[in-house]
There are 2 protein chains.
Amino acid sequence: MVTIYDIATKANVSPMTVSRVINKSGKVSEATRTKVENAINELNYIPNSSARSLTSKKSKILSLVITDITNPFFTKVARGAEDKAKQMGYSLLLCNSDEDIDKESDYINMLVSTGVGGVLITPSEDKSRKNLRTLNKYNIPFILLDRKIEGINCDAVHGDSQEGTRKILEHLINKGHRKIAIINGPLDISTARERQKAYIETLNAYNLPVHEELILQSHYKNKDSNSDISKLLSVKLEKRPTAIFAANNFIAINTIKELRKINIRVPEDISVVCFDDLDPSIDLNPFLTVVAQPAYHFGFTGAQMLIERIEKTAPPEFRKIVLPSKLIVRNSSAHN
Amino acid sequence: MVTIYDIATKANVSPMTVSRVINKSGKVSEATRTKVENAINELNYIPNSSARSLTSKKSKILSLVITDITNPFFTKVARGAEDKAKQMGYSLLLCNSDEDIDKESDYINMLVSTGVGGVLITPSEDKSRKNLRTLNKYNIPFILLDRKIEGINCDAVHGDSQEGTRKILEHLINKGHRKIAIINGPLDISTARERQKAYIETLNAYNLPVHEELILQSHYKNKDSNSDISKLLSVKLEKRPTAIFAANNFIAINTIKELRKINIRVPEDISVVCFDDLDPSIDLNPFLTVVAQPAYHFGFTGAQMLIERIEKTAPPEFRKIVLPSKLIVRNSSAHN
DNA sequence: ATAACTATTGTTACCGATAACATCAAAATA
DNA sequence: TATTTTGATGTTATCGGTAACAATAGTTAT
């Protein structure tokens, strides 16, 4: 392990001078600077950031805490955040909370523990408030991505769930659908609440009845075990909806799979649309009609705001950015 | 910031005793243990791992360095690694090298710097050897995933490029294809070399000619800029191949997009198959015929081996695990 | 009862870097 | 020339935790 003491010895200066060269702080003569720099290069020195953050409490490491690494929405967010971080000389650590509040807590503790400089987080649920408070307590700046948490005052980047939901429902309504079901995420996630609210409001606006049985609950994750969906849909054959609005991409995928199991065709028998786009392979066989959010910009903008907050160049008041979403019509939605 | 000194004061013991309780090391009486534990809970203590790793040089943090976070193959690897890490009480940090050796170096330095306990890495290219040497120098155990690097002796988990290539080519050959092109990744990545070698060997085994013009080079990443592919394919219209073997999923996606631009239909005009599966949305519209690798197990097994290495429960000699791949026939490959 | 041991707890030094202060020589000013 | 200022470098203490050793009290063996 090479330390500044090794460098100091080699360059015949004090460790402090080495530190100054490394951090470009204080005054160092041109001559000693080159001496030290040569020593650093020769010995292949890597600063020990444990030691560093122990005293200086600063760190050029950001973290992005997402809830599902297998969801293309989040990988695009990650890509955006990483690009900005890199551009500004920061590294980005990814943590996958898996929509699990305990995992999330573990990661937050770990990040506090290692002294991360700032956090971009998609909170797993409303209970995440506890974890955000922890970050506050340790003065670690953070940005809320995608989901809102009541009672937490901070910078945030969100999508427009209200507008997006309206757009995609109007698309269905224009295609003649009158009985539209929603399969939503858990209501302890803000986006699910907003999409549900917008769903009801939009139906009302078009004078369509809101049926309780057409409002279903699922989860945002990619796992198959929600056969309740298929059960519910197969039961009400006579008053079956003609279209389903899935609150995210994985719900849509699971829904379509379940529908197929019971031999209901999409879009011939029923249309399925959703929030959030799929990965690039969708282009091969354009299928799902979606409202896509600018995922990359969530990450990019979020990282930018976070770095400004860390470097104290951000305005004192917290900023709430709302990014627009876009309707992409493909083949999973048909005329009724 | 709560420290063990605060706990010590509150519990009326020495800091060292607190440390012993936290680490379950040494002897502590039941009475003091509970006293300390209560203090810890009351004060909401989070250990400072910078301080910790400064002395003890141990860390319960693993890192997974992958080359493309948007590739479902790697997100599945990540999921597997994370599950195992979690199960064993470790956290997993993800780093996305983006197939870029400089980014990779930056991340490795950062990881060394923060004192990571071990690294699972998919090296971006043969030049990564330098970065692996760095890990060796700092005694950080690592596991090579997916790709091989000459001259580096370590544990590794690989797929069977040879076998997988053979399987998928035989599938095409059985469908009557005789002129099969390969669009490969960069030859400074071991899997690309192996797939190319297996491609040639398999053609030889079936007494099929190997045409130099049918061996194309691209990159494993998901970006569109390889219109050279379309150029090359459009030129040789008369001696156009009847099937294309893409060395990974993104190459296949890009290839098909390029083919469509020039109005070549898949699979009617040309079959396209590839290594590595796509994300779950492929199930909606089964399209690409692939040889899928057990990505999740890459991560899971890799993490297991890494932890064994860290905890010194691994056998002294290095282990090379080869995981089998599986042919999944879908609709992108047709009879010739 | 005393030596010898064990269980439990405390003390000190140190990990590598940096903040804060100290030093010293050369340059600027009075 | 004497004094102040400035530039360049060094010294010391400290961050929070732990390894190594020290100390103390309570047990057991002799």
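Per chain, numbering begins at 1; letters A, B, ... match sequence-line order.
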When you check the gap from the basic side-chain N to the acidic O, do [X] and [Y] get nearer than 4.0 Å?
| X | Y | answer |
| --- | --- | --- |
| B:Lys221 | B:Asp100 | no |
| A:Asp98 | B:Arg79 | yes |
| B:Glu104 | B:Lys130 | no |

In whole angstrom, give the distance that lies between atom [atom1] of [X] and atom [atom2] of [N].
| X | N | atom1 | atom2 | answer |
| --- | --- | --- | --- | --- |
| A:Asn48 | D:dC15 | CG | P | 18 Å |
| A:Glu30 | D:dA8 | CD | P | 10 Å |
| A:Asp6 | C:dC15 | CG | C1' | 13 Å |
| A:Met1 | C:dA17 | CE | C1' | 12 Å |
| B:Lys27 | C:dA7 | NZ | P | 5 Å |
| A:Lys24 | C:dT18 | NZ | C1' | 16 Å |

Ignoring hydrogens and angles, state whether a donor on the side chain of B:Thr191 or B:Tyr220 is under 3.5 Å from an acceptor on the partner side chain. yes
Side-chain N,O ([X]) to OP1/OP2 ([N]) below 4.0 Å:
| X | N | value |
| --- | --- | --- |
| B:Ser29 | C:dT9 | yes |
| B:Thr17 | C:dG10 | yes |
| B:Thr3 | D:dG16 | no |
| B:Ser50 | D:dG17 | no |

Show the numbers, then the answer: is there a side chain to side chain contact (heavy atoms under 4.5 Å, CB included) between B:Val18 and B:Val13? CA-CA 7 Å; B:Val18 177; B:Val13 295; 3.9 Å; yes
If we ignore hydrogens and angles and just use 3.5 Å, is the side chain of B:Ser63 paired with the main-chain N or O of B:Leu93 as donor and acceptor? yes
Are B:Lys76 and B:Tyr296 in a cation-pi setup, meaning NZ or CZ lies under 6.0 angstrom from the ring centre and within 45 degrees of the ring axis? no
Do any N or O atoms of the protein come closer than 3.5 Å to N or O atoms of nucleotides 18-25 of chain D, and which pairs are they?
from, atom 1, to, atom 2, distance (Å)
D:dT18, OP1, B:Asn23, OD1, 3.4
D:dT18, OP1, B:Asn23, ND2, 3.1
D:dT18, OP1, B:Arg52, NE, 2.9
D:dT18, OP2, B:Ser19, OG, 2.6
D:dT18, OP2, B:Asn23, ND2, 3.2
D:dT18, O4', B:Thr55, OG1, 3.4

Just to be sure I understand the rule, does A:Ser53 reach a base, reach only the sugar-phosphate, or reach nothing, if contact means heavy atoms closer than 4.0 Å? nothing
